[in-house]
Peer 1: 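Please read through the structure below; I'll follow up with questions.
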Amino acid sequence: MTHSDLSDVQIRVRALESALVSGGHVDPAALDALVETYEHQVGPHLGARVVARAWVDDDYRARLADDATAAIAELGISGRQGEHMVAVFNTPEVHNLVVCTLCSCYPWSVLGLPPVWYKSAPYRSRAVSEPRAVLADFGVTLGEDVSVRVWDSTAEVRYLVVPMRPPGTEARSEDELAALVTRDSMIGVGVL
């Protein structure tokens, strides 16, 4: 990527990073470690593993429904912002949507960094008052026979939506299934 390909925000971030590093305020190795962590050690690929396991293993699904924090830890996934997890399961009758109305509480350990829109005031307020309109903004239209449940994350409890397994995926491996799962589907603003 050349400098001319960068957005204004990217240019400002690079300028700020350069100023902080050249001023001795930030260790470049620490920045690299942070990037490495959020690219490989946490992120939606971990949540996707949880969902895929729940799709292929009924016993795991039951444990996830009973105590999501413990079930997620079974897969070696733990960390800050993921200590008190609750898994909610989409069904043909119920679609789950997660929001944090007060700030941006988000399960970093299984979904990585929250998207910008998740932290925005319009999303936080509209998800509660008009969830179907918010879902439509994301291209999700549900039938009137599907109820929408909105879950308000807090500092104490974070939610993970387990989307419905896409039809026609019975022959796929757990890894192949995990590749189908998106961050948005685990927040509830997407369907598979």
Side-chain angles (χ1 to χ4, degrees), residues 42-58 60-75 77-79 81-120 122-143 145-167 169 172 174 177-192:
V42 296
H45 63 286
L46 297 178
R49 284 180 45 216
V50 172
V51 170
R53 178 67 56 88
W55 285 345
V56 301
D57 183 336
D58 289 339
Y60 181 79
R61 182 182 181 89
R63 291 193 304 277
L64 186 64
D66 182 53
D67 182 348
T69 305
I72 291 168
E74 284 180 32
L75 301 182
I77 304 166
S78 63
Q81 316 294 325
E83 298 93 345
H84 306 288
M85 295 290 302
V86 172
V88 292
F89 297 80
N90 285 350
T91 69
E93 297 81 25
V94 176
H95 182 87
N96 295 285
L97 176 66
V98 179
V99 66
C100 176
T101 57
L102 293 177
C103 52
S104 59
C105 295
Y106 189 78
W108 289 30
S109 59
V110 291
L111 296 184
L113 297 173
V116 171
W117 53 261
Y118 184 83
K119 299 181 277 185
S120 72
Y123 176 77
R124 293 177 8 224
S125 61
R126 290 182 63 230
V128 174
S129 63
E130 47 183 339
R132 286 182 184 273
V134 168
L135 290 171
D137 290 347
F138 284 91
V140 175
T141 304
L142 302 172
D145 58 333
V146 179
S147 63
V148 178
R149 290 186 185 152
V150 179
W151 300 89
D152 194 0
S153 286
T154 68
E156 287 80 32
V157 177
R158 316 275 163 120
Y159 297 93
L160 173 70
V161 174
V162 179
M164 290 188 292
R165 183 174 177 166
T169 59
R172 295 197 183 191
E174 191 172 327
L177 291 169
L180 300 175
V181 181
T182 64
R183 175 200 64 195
D184 287 2
S185 70
M186 294 182 284
I187 298 172
V189 296
V191 293
L192 303 177

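Values below: all heavy atoms of this structure, side chains included; hydrogens, waters and symmetry mates excluded.
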Peer 1: How would you list, by chain and number, every residue that makes a salt bridge (Lys or Arg N to Asp or Glu O under 4.0 Å) with Asp137, sequence neighbours excluded?
Peer 2: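 Asp137: salt bridge (Lys or Arg N to Asp or Glu O under 4.0 Å) contacts with Arg126.
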Peer 1: Quick check for you: to the nearest 0.5 Å, what is the distance between Ile187 atom CD1 and Leu160 atom CG?
Peer 2: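 Reported to 0.5 Å precision, the distance equals 10.0 Å.
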Peer 1: Under the side chain to side chain donor-acceptor pair (under 3.5 Å) test, which residues partner Thr169, sequence neighbours left out?
Peer 2: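 Once residues adjacent in sequence are excluded, the partners of Thr169 under the side chain to side chain donor-acceptor pair (under 3.5 Å) criterion are Arg165.
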Peer 1: Going by side-chain contact (heavy atoms from CB on, under 4.5 Å), name the residues that satisfy it together with Val94, two or more places apart in sequence or in a different chain.
Peer 2: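 For Val94 the side-chain contact (heavy atoms from CB on, under 4.5 Å) partners, ignoring immediate neighbours, are Thr91, Asn96, Ser147, Arg149.
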Peer 1: Rounded at 0.5 Å granularity, tell me how far CG in Asp152 sits from OG1 in Thr101.
Peer 2: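 Spacing of CG (Asp152) from OG1 (Thr101) equals 3.0 Å.
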Peer 1: Okay, side chain of Arg49, backbone of His45: is any donor-acceptor separation there less than 3.5 Å?
Peer 2: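 Absent.
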Peer 1: Enumerate the residue pairs fulfilling side chain to side chain donor-acceptor pair (under 3.5 Å) with a member in residues 179-192, sequence neighbours excluded, ordered by first and then second residue.
Peer 2: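 For residues 179-192, and leaving out neighbouring residues, the side chain to side chain donor-acceptor pair (under 3.5 Å) pairs sorted by first residue read Thr182-Ser185.
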Peer 1: Shortest non-hydrogen contact from Ala52 to Ala178?
Peer 2: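 Looking at all heavy atoms of both residues, the closest pair is CB-N, 3.6 Å.
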Peer 1: Please name all residues satisfying side-chain contact (heavy atoms from CB on, under 4.5 Å) with Val191, sequence neighbours left out, ordered by chain then number.
Peer 2: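 side-chain contact (heavy atoms from CB on, under 4.5 Å) check on Val191 returns His95, Val140.
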Peer 1: What residues form a side-chain contact (heavy atoms from CB on, under 4.5 Å) with Val86, not counting sequence neighbours?
Peer 2: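 Result, side-chain contact (heavy atoms from CB on, under 4.5 Å) vs Val86: Val88, Val157, Tyr159.
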Peer 1: Between the side chain of Trp55 and the main-chain N/O of Pro163, is any donor-acceptor distance below 3.5 Å?
Peer 2: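 Yes; judged by distance alone, with no hydrogens or angles, the pair exists.
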Peer 1: Please report the shortest heavy-atom distance between Lys119 and Ser104, naming the atom on each side.
Peer 2: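 Heavy atoms of Lys119 and Ser104 come nearest at CG-CB, 3.2 Å.
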Peer 1: First locate atom CG of Leu46, then atom CG of Leu111, and finally report the distance between them rounded to the nearest 0.5 Å.
Peer 2: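 Atom-to-atom, Leu46:CG and Leu111:CG are 9.0 Å apart.
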Peer 1: Identify, with sequence neighbours excluded, every residue that meets ring pair (Phe, Tyr, Trp, His ring centres under 6.0 Å) alongside Tyr118.
Peer 2: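 Here the qualifying residues are Tyr106, Tyr123.
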Peer 1: Applying side chain to side chain donor-acceptor pair (under 3.5 Å), can you list everything that pairs with Ser153, at least two apart in sequence or on another chain?
Peer 2: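 Ser153 satisfies side chain to side chain donor-acceptor pair (under 3.5 Å) with no residue once adjacent residues are dropped.
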Peer 1: Considering all heavy atoms of both residues, which atom of Tyr60 and which atom of Asp57 are nearest to each other, and what is their separation?
Peer 2: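 Where Tyr60 meets Asp57 most closely, the heavy atoms are N-OD1, 3.0 Å.
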Peer 1: Could you please spell out the steps behind the side chain to side chain contact (heavy atoms under 4.5 Å, CB included) verdict for Ile72 and Val110?
Peer 2: CA-CA 8 Å; Ile72 291 168; Val110 291; 3.7 Å; yes
Peer 1: Restricting to side-chain contact (heavy atoms from CB on, under 4.5 Å), what partner residues turn up for Ser125, sequence neighbours left out?
Peer 2: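 side-chain contact (heavy atoms from CB on, under 4.5 Å) list for Ser125, sorted by chain: empty.
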Peer 1: Do the non-hydrogen side-chain atoms of Leu142 and Arg132 ever get within less than 4.5 Å of each other?
Peer 2: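 When only atoms from C-beta onward are counted, Arg132 and Leu142 do touch, with a gap below 4.5 Å.
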Peer 1: Which atom names give the shortest non-hydrogen contact between Val150 and Pro131, and what distance separates them?
Peer 2: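 Minimum heavy-atom contact is CG2-CB, 3.8 Å.
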Peer 1: Over all heavy atoms of both residues, which pair between Val161 and Gly188 is shortest? Give the atoms and the distance, please.
Peer 2: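 Looking at all heavy atoms of both residues, the shortest contact is CG2-N, 4.0 Å.
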Peer 1: Between atom CG of Leu64 and atom CG of Leu75, what is the distance when rounded to the nearest 0.5 Å?
Peer 2: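 CG of Leu75 is found 9.0 Å from CG of Leu64.
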Peer 1: Would you say Met186 and Val50 make side-chain contact, with heavy atoms under 4.5 Å?
Peer 2: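 A side-chain contact is absent here, since even the closest heavy-atom pair is not under 4.5 Å.
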Peer 1: Looking at CD1 of Ile77 and CE of Met85, how far apart are the two atoms once the value is rounded to the nearest 0.5 Å?
Peer 2: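 One gets 9.5 Å once the value is rounded to the nearest 0.5 Å.
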Peer 1: Check salt bridge (Lys or Arg N to Asp or Glu O under 4.0 Å) between Arg124 and all other residues, then give those that pass, not counting sequence neighbours.
Peer 2: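 Once residues adjacent in sequence are excluded, Arg124 has no partner under the salt bridge (Lys or Arg N to Asp or Glu O under 4.0 Å) criterion.
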Peer 1: Between Ala155 and Cys105, what is the shortest heavy-atom contact and its length?
Peer 2: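 Result for this residue pair: N-SG, 3.4 Å.
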Peer 1: What's the spacing between Arg158 CZ and Cys100 SG if we round to 0.5 Å?
Peer 2: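 Between Arg158 CZ and Cys100 SG, I get 7.5 Å after rounding to 0.5 Å.
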Peer 1: Do Leu97 and Leu135 have side-chain heavy atoms sitting under 4.5 Å apart?
Peer 2: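 Side chain of Leu97 against side chain of Leu135, heavy atoms only: contact under 4.5 Å found.
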Peer 1: Under the salt bridge (charged side-chain N to carboxylate O under 4.0 Å, His left out) definition, can you give me all pairs with a residue in residues 63-73, not counting sequence neighbours?
Peer 2: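 Every pair satisfying salt bridge (charged side-chain N to carboxylate O under 4.0 Å, His left out) with a residue in residues 63-73: Arg63-Glu74.
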Peer 1: Not counting sequence neighbours, which residues clear ring pair (Phe, Tyr, Trp, His ring centres under 6.0 Å) with Phe89? List them please.
Peer 2: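 With neighbours one apart ignored, the set is empty.
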